[in-house]
Protein chains: 4
Amino acid sequence: MERRKGELNWFIPDGFIPPNSTGNLISHEAICVLNCNEEEVFLEITIYFEDRPPLKSIPFEVKGKRTKHIKTSSLQKDGEKIPIDVPYAIEIESDLPIIVQYSRLDTTQRELALMSTMAYSIK
Amino acid sequence: MERRKGELNWFIPDGFIPPNSTGNLISHEAICVLNCNEEEVFLEITIYFEDRPPLKSIPFEVKGKRTKHIKTSSLQKDGEKIPIDVPYAIEIESDLPIIVQYSRLDTTQRELALMSTMAYSIK
Amino acid sequence: MERRKGELNWFIPDGFIPPNSTGNLISHEAICVLNCNEEEVFLEITIYFEDRPPLKSIPFEVKGKRTKHIKTSSLQKDGEKIPIDVPYAIEIESDLPIIVQYSRLDTTQRELALMSTMAYSIK
Amino acid sequence: MERRKGELNWFIPDGFIPPNSTGNLISHEAICVLNCNEEEVFLEITIYFEDRPPLKSIPFEVKGKRTKHIKTSSLQKDGEKIPIDVPYAIEIESDLPIIVQYSRLDTTQRELALMSTMAYSIK
């Protein structure tokens, strides 16, 4: 039997889209999803804020045996996007097991800063 | 039944508030808390030092279905704050499950450095 | 009895080989493997892409009681290497327990950025 | 009953002491240990290399209810230290539960880069 590769529910408390960039690299965050299943996975991404109700269940799909590095600035639901320059948090729910890593590239001040961590999963 | 989203007890061994900044970004650390519960959570934050007894049980609250990116320099109890330029460690206790990530932004030397990691939780 | 030191299956969703470098340090990624066993371990490394089937089972060996910091740009199978400047993901399978950490050094824009995280393991 | 705060055995596959520094900040790594026990803990730190047998059981102590951010360049056993500019890995064994985070500050190329991750623990 195949091992179950990943979990269904992932969390990233430190979300932040830097408002500025310098040089040729644009500041951004990526939710990096690995789908080791044969089947496509269907994600629902919920965004939590400090001072207002969550933006719920943004849909996203990742094909089987593929990875997708999702830029958070590209996510939207009914035209609503994640605001820049605002602290927020991310929850990802998937219909099949996945693995999630979060990275941020910040070029606000010359020249380049990186951070990365595995997201937190619950079983 | 809802899955239990997070844990009650989290640890961050590498705490440090950089004493200096350059540019427009101020060096700081953030304890990023995600509260997926409907109810507000009550936190107690304990600070461990290298050479003196802990500063115990600094209180903090995070509303239900919200995140809070807590700047460590803002924490205080009876007027006592975390000193800058000193190695320390952080323990967070919560009355309901939460998820915790720790990040540091350092602009001590031009221009910008970032680091981040999920905090360590015990079940 | 010895404790089992590590796991057999590890994942790194955020792989990326930066195309450019500045200064004397060359941009690169490292898959850092620690083998605490007495015996040599045999790894199979699979690379997942966003838009094409995986590059499967690149072989690699790490001797007993040794570490190896594997530069991803050095991996190849039948002459095929991991392309630069492309988002990808990594799976590592081992015949004995190992521990895996992933780090990236990026000097694309002056001068230096680092990120690191433990890889994600399944039991 | 008190919860058990941490584990007895921790691993950091990506160790590296940068040989150079710029500015006022010296490049270094830190093994950040948090000891939540009342009692002092006794550590044994083993260093694994790519091309020679491990440097075994460097002793270190951390007092009860204290943290210690151990600079790897300060570790030594019988006069032997961890060489700079060499890939290595770290294992930490403790006689009581602890929590371990690893961070590196690199100022090799102007000006500053940081990385950090929780160490990997086994139960």
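We name chains A, B, ... by the order of the sequence lines, and we start the count at 1 in each one. Just so you know, these numbers use all the heavy atoms, side chains as well, and skip hydrogens, waters and symmetry mates.
- Heavy atoms closer than 4.5 Å to chain C are found in the backbone of D/Phe49, but not in its side chain.
- Taking 4.5 Å as the limit, every side-chain heavy atom of C/Arg4 sits out of range of all side-chain heavy atoms of D/Ile122.
- Residue C/Met118 touches chain D through both its backbone and its side chain, counting heavy-atom pairs closer than 4.5 Å.
- Closest heavy-atom contact between C/Ser116 and D/Asp14: OG-OD2, 4.4 Å.
- Taking CD1 from D/Ile12 and OG1 from C/Thr67, the interatomic distance works out to 11.5 Å, rounded to the nearest 0.5 Å.
- Summarising the geometry of D/Tyr102 relative to C/Gln101, their closest heavy-atom pair is CD2-NE2, 4.4 Å, with the distance given to 0.1 Å.
- A pairwise comparison of heavy atoms in D/Pro54 and C/Arg66 identifies CD-NH1, 4.1 Å as the closest pair.
- At a threshold of 4.5 Å between non-hydrogen side-chain atoms, the residues C/Ser103 and D/Met115 count as touching.
- Ranking C/Ile99, C/Val100, C/Val33, C/Thr117 against chain D, the residue ahead of the rest is C/Ile99, based on heavy-atom pairs under 4.5 Å.
- Salt-bridge formation is not detected for the pair D/Glu50/C/Lys63: no Lys NZ or Arg NE/NH1/NH2 atom is positioned less than 4.0 Å from an Asp or Glu carboxylate oxygen.
- Note that CD1 of C/Ile98 is 12.5 Å distant from CZ of D/Phe11, once rounded to the nearest 0.5 Å.
- When the shell of 6.0 Å around NZ of C/Lys77 is examined, it contains more than 12 heavy atoms from other residues, nucleotides or ligands.
- Minimum interatomic distance between D/Ile90 and C/Leu34 (heavy atoms only, all atoms of both residues): O-CD2, 4.3 Å.
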| request: Test side-chain contact (heavy atoms from CB on, under 4.5 Å) on D/Glu91 and C/Cys36 and set out the steps. | output: CA-CA 9 Å; D/Glu91 176 178 0; C/Cys36 292; 4.1 Å; yes
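- Residue D/Arg52 holds its CZ atom at 16.0 Å from NZ of C/Lys65, rounded to the nearest 0.5 Å.
- Contact between C/Cys32 and D/Pro13 at its shortest, heavy atoms only, is O-CB, 3.3 Å.
- Annotation for C/His69 and D/Gly15: closest pair CE1-O, 3.4 Å, computed over non-hydrogen atoms.
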